[in-house]
Amino acid sequence: MNFSEVFKHSNQLCRFSPDGKYLATCVQYRLVVRDVNTLQILHLYTCLDQIQQVEWSSDSLFILCAMFKRGLIQVWSLEQPDWHCKIDEGSAGLVASRWSPDGRHILNTTEFHLRVTVWSLCTKSVSYIKYPKACQQGIDFTKDGRYLALAERRDCKDYISIFVCNDWQLLRHFESETQDLAGIEWSPNGCVLAVWDTCLEYKVLLYSLDGRLLSTFSAYEWSLGVKSVMWSPSSQFLAIGSYDEKVRILNHVTWKKIIEFEHPATINNPKIVVYKEVEKRAVLGNDDLSFHHNLTMGSSLFSTQSKYEVSPAPVQVPVIKPDPERANPKIGIATMAFSSDNRYLATKNDNMPNDLWIWDMQKLKLFVVLEQAAPVRCFQWDPRRPRLAICTGNSKVYLWSPAGCVSVQVPVEGSFQVLSLNWHSSGESMVLLSKEQLCLCYMETPEGES
């Protein structure tokens with residue numbers, strides 16, 4: 001693995017373009033666009049205020065910068081650097097903004113979720129969609145970009161509207177059988193819309209494109225319910241993470257549960273490989289100590305070394321007891337991710353923050369557990385092969401593949417704590433983000449692999 005030099009960024013705003021050619025980073029009110037291969041600055045744009053969100057259009061020709069405090073959007077063109085667009089929502093305010101799949105329309109959600117405004121860059125026309133619901137995931141496009149599903153709330157009831165993206169005409173409008181809808185998500189093939197209820201009511205509904213209710217799933221009652229929902233890339237599986245520390249897998253034929261993945265505090269099965277991160281501090285002689293004090297404590301030169309060791313069964317998993325008095329307790333499955341080949345599912349149980357669980361989706365059983373020395377901050381699959389990258393807020397990046405796992409020190413002077421990471425679409429590099437800096441990490445692709 002090789003690493004680039006370090007660059008500045010702010011607010012964790014760093015995005016690869018969909019075509020993989022560019023890297024956009026934000027530094028306060030400036031937008032910097034670099035060539036991915038050379039990291040040379042190609043474009044430098046100045047916005048009217050500090051940028052709070054950045055997003056590429058699907059064809060990588062435009063970049064949207066949102067300044068929510070001002071209710072303002074600025075759009076920049078890579079092909080025509082002199083062209084730019086400013087959208088001001090005025091007194092209506094702005095809480096969310098995103099591109100439509102065609103890369104020529106922008107959907108803005110106003111304050112208090114009063115409406116969604118659809119702005120056209122081509123015709124300068126404006127359309128309004130009323131009653132959008134304020135929830136964690138209330139708007140979603142099909143992967144092919146043809147349809148938009150929008151969760152609505154009116155007259156104390158939940159509704160779902162499906163729009164055709166070509167002309168923003170309403171295709172279907174139907175009432176959702178939810179108490180307080182929390183999120184919606186299309187299957188990758190665009191045939192089924194998953195809808196889930198508030199965590200106070202365990203209910204997952206599956207609707208067809210024409211609004212028919214295909215199935216309803218509820219695992220239990222009278223307890224905190226659904227915490228996360230994730231489709232497999234093939235649309236064959238729907239994974240539902242719950243507050244009871246289990247993941248339930250539904251199949252795409254009958255929409256019935258085929259397996260339940262538990263996250264036990266003790267792993268007794270000797271066939272499950274448990275990799276435990278073991279830390280070892282560098283030993284300093286007396287002559288080195290004075291030199292050491294002159295350096296920052298976070299310097300990678302003197303940071304903790306670590307490696308993975310295989311723990312023999314039985315293995316005790318560290319568990320944190322959540323505070324029952326506080327809202328949104330740290331318990332249950334909040335984060336899940338399928339590998340691009342559908343073979344593996346990675347899950348994280350919030351009251352076991354140091355552990356990542358990797359499940360084999362062909363055999364439908366637990367395959368590997370990674371136990372980190374610190375809580376897992378972020379994990380993401382390589383978009384091309386079954387390889388998982390992990391960070392825990394220290395100066396290392398961790399990689400797992402079926403061949404094994406490795407801990408890699410980021411060789412940067414001073415303190416560089418990796419808070420998040422993001423793969424390039426080729427799977428040959430990824431960007432590592434600390435609080436105010438970023439660097440690129442390049443993979444060494446084995447011979448014979450493209």
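Note that the structure is a prediction, hence the values are computed from the model and not measured. Starting from 1, each residue takes its place in the sequence as its number.
A salt bridge links R104 with D59: at least one charged nitrogen is closer than 4.0 Å to a carboxylate oxygen. Classification of R385 and D341 as a salt-bridged pair fails, no side-chain N sitting under 4.0 Å from a carboxylate O. With respect to the salt-bridge test (charged N to carboxylate O, under 4.0 angstrom), the residues D355 and K276 do not qualify. Using a 4.0 Å cut-off between charged nitrogen and carboxylate oxygen, K330 and D323 do not count as a salt-bridge pair. A salt bridge does not link K21 to D35: none of the charged side-chain nitrogens sits closer than 4.0 Å to a carboxylate oxygen.
When every heavy atom of S232 is checked against every heavy atom of P188, the shortest pair comes out as O-CG, 3.4 Å. Minimum heavy-atom separation, M336 to A239: CE-O, 3.4 Å. When all heavy atoms of G427 and W423 are compared, the closest pair comes out as O-CZ3, 3.4 Å. Nearest heavy atom pair, residue L48 against residue R70, reads O-NH2, 3.5 Å. What you find for F379 and L388 is that their closest heavy atoms are CD1-CD1, 4.0 Å. Of all non-hydrogen atoms in S97 and E55, the two that sit nearest each other are O-OE1, 3.8 Å.
Side-chain atoms of Q236 and S234 form a donor-acceptor pair, as typed in the model, at a separation below 3.5 Å. Neither side chain, N354 nor Q372, offers a donor N or O lying under 3.5 Å from an acceptor on the other. S161 and E152 are linked by a side-chain donor-acceptor pair at a separation below 3.5 angstrom, with hydrogens and angles left out of the test. Donor-acceptor pairing under 3.5 Å is recorded for the side chains of S306 and E277. Side-chain contact annotation: R377 with S420, donor-acceptor N/O pair under 3.5 Å absent. S395 and Q409 are linked by a side-chain donor-acceptor pair at a separation below 3.5 angstrom, with hydrogens and angles left out of the test. A side-chain donor from one of H263 and T347 sits under 3.5 Å from a side-chain acceptor of the other.
At distances below 3.5 Å, at least one donor-acceptor pair connects side-chain atoms of S17 with backbone N or O atoms of Y22. A donor-acceptor contact shorter than 3.5 Å links the side chain of S235 to the backbone of N189. Judged purely by atom type and a 3.5 angstrom limit, Y45 uses its side chain to pair as donor or acceptor with the backbone of S77. Counting only distance, with no hydrogens or angles, the side chain of K133 and the backbone of L181 share a donor-acceptor pair below 3.5 Å. The main-chain N or O of K69 is found under 3.5 Å from a side-chain atom of Q52 such that the two form a donor-acceptor pair.
Atom CH2 in W196 sits 8.5 Å away from atom SG in C135 (nearest 0.5 Å). Taken to the nearest 0.5 Å, the CG atom of L193 stands 13.5 Å off from the OH atom of Y147. Note that CG of L121 and CD1 of I87 are 6.0 Å apart. Values are rounded to the nearest 0.5 Å. The OG atom of S127 sits 11.5 Å away from atom CZ of R115, with the distance rounded to the nearest 0.5 Å. Between I106 atom CD1 and W119 atom CH2 the span is 10.0 Å, to the nearest 0.5 Å. To the nearest 0.5 Å, the span separating SG on C65 from CG on D49 amounts to 12.0 Å.
Residues R34 and F7 meet the side-chain proximity criterion, which asks for heavy atoms closer than 4.5 Å. Residues W56 and V33 are in side-chain contact: their nearest non-hydrogen atoms beyond the backbone lie under 4.5 Å apart. With a 4.5 Å cut-off on side-chain heavy atoms, I129 and L150 count as touching. In this structure, the side chains of L94 and L72 stay at 4.5 Å or more apart for every pair of heavy atoms. In this structure, V317 and I267 have side chains that are in contact, with non-hydrogen atoms separated by less than 4.5 Å. By the 4.5 Å heavy-atom criterion applied to side chains, L107 and S100 are counted as neighbours. In this structure the side chain of K435 reaches within 4.5 angstrom of the side chain of L419, judged on heavy atoms. Proximity of V54 to I63: side-chain heavy atoms (C-beta onward) are separated by under 4.5 Å at one or more points.
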For this session: Please test S340 against R384 for side chain to side chain donor-acceptor pair (under 3.5 Å), starting from the C-alpha separation and ending with a verdict.
Result: CA-CA 6 Å; S340 58; R384 293 294 176 92; over 6 Å; no
Exercise. Which is it for V204 and V195 under the side-chain contact (heavy atoms from CB on, under 4.5 Å) test, yes or no, and what are the steps along the way?
Worked result: CA-CA 6 Å; V204 177; V195 178; over 6 Å; no
For this session: Applying side-chain contact (heavy atoms from CB on, under 4.5 Å), run through C199 and V226 and close with a yes or a no.
Result: CA-CA 5 Å; C199 64; V226 177; over 6 Å; no
For this session: Could you please spell out the steps behind the side-chain contact (heavy atoms from CB on, under 4.5 Å) verdict for T46 and Y29?
Result: CA-CA 6 Å; T46 304; Y29 55 88; 3.6 Å; yes
Exercise. Taking it one step at a time, do E245 and N351 satisfy side chain to side chain donor-acceptor pair (under 3.5 Å)?
Worked result: CA-CA 9 Å; E245 304 175 54; N351 51 315; 3.3 Å; yes
For this session: Starting from the C-alpha separation in whole Å, work towards a yes-or-no answer on side-chain contact (heavy atoms from CB on, under 4.5 Å) for E279 and Q305.
Result: CA-CA 6 Å; E279 292 187 329; Q305 303 298 308; over 6 Å; no
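Open room surrounds CG on N328; 12 or fewer heavy atoms of other groups in view lie less than 6.0 Å from it. Applying the 6.0 Å contact sphere to CD of Q12 captures more than 12 heavy atoms from other residues, nucleotides or ligands. Heavy atoms of other residues, nucleotides or ligands lying less than 6.0 angstrom from CZ of R153 number more than 12. More than 12 heavy-atom neighbours from other residues, nucleotides or ligands sit within 6.0 angstrom of CZ on F3. When the shell of 6.0 Å around NZ of K246 is examined, it contains more than 12 heavy atoms from other residues, nucleotides or ligands. Heavy atoms of other residues, nucleotides or ligands lying less than 6.0 angstrom from CZ of R98 number more than 12.
The side-chain contact (heavy atoms from CB on, under 4.5 Å) with V431 is formed by just one residue from the set V36, T25, L438; it is L438. Each of Y344, W357, W359, F261 was scored for a ring pair (Phe, Tyr, Trp, His ring centres under 6.0 Å) with F367, with one residue passing: Y344.
The aromatic rings of Y308 and Y275 stand perpendicular to each other, their planes meeting at an angle above 60°, with 30° marking the opposite boundary. By the 30° and 60° cut-offs, the orientation of the rings of H105 relative to W168 is perpendicular.
With ring centers used as reference points, W83 lies under 6.0 Å from F62. Proximity of the aromatic rings of Y159 and H173 is defined here by a centroid distance below 6.0 angstrom, and this criterion is met.
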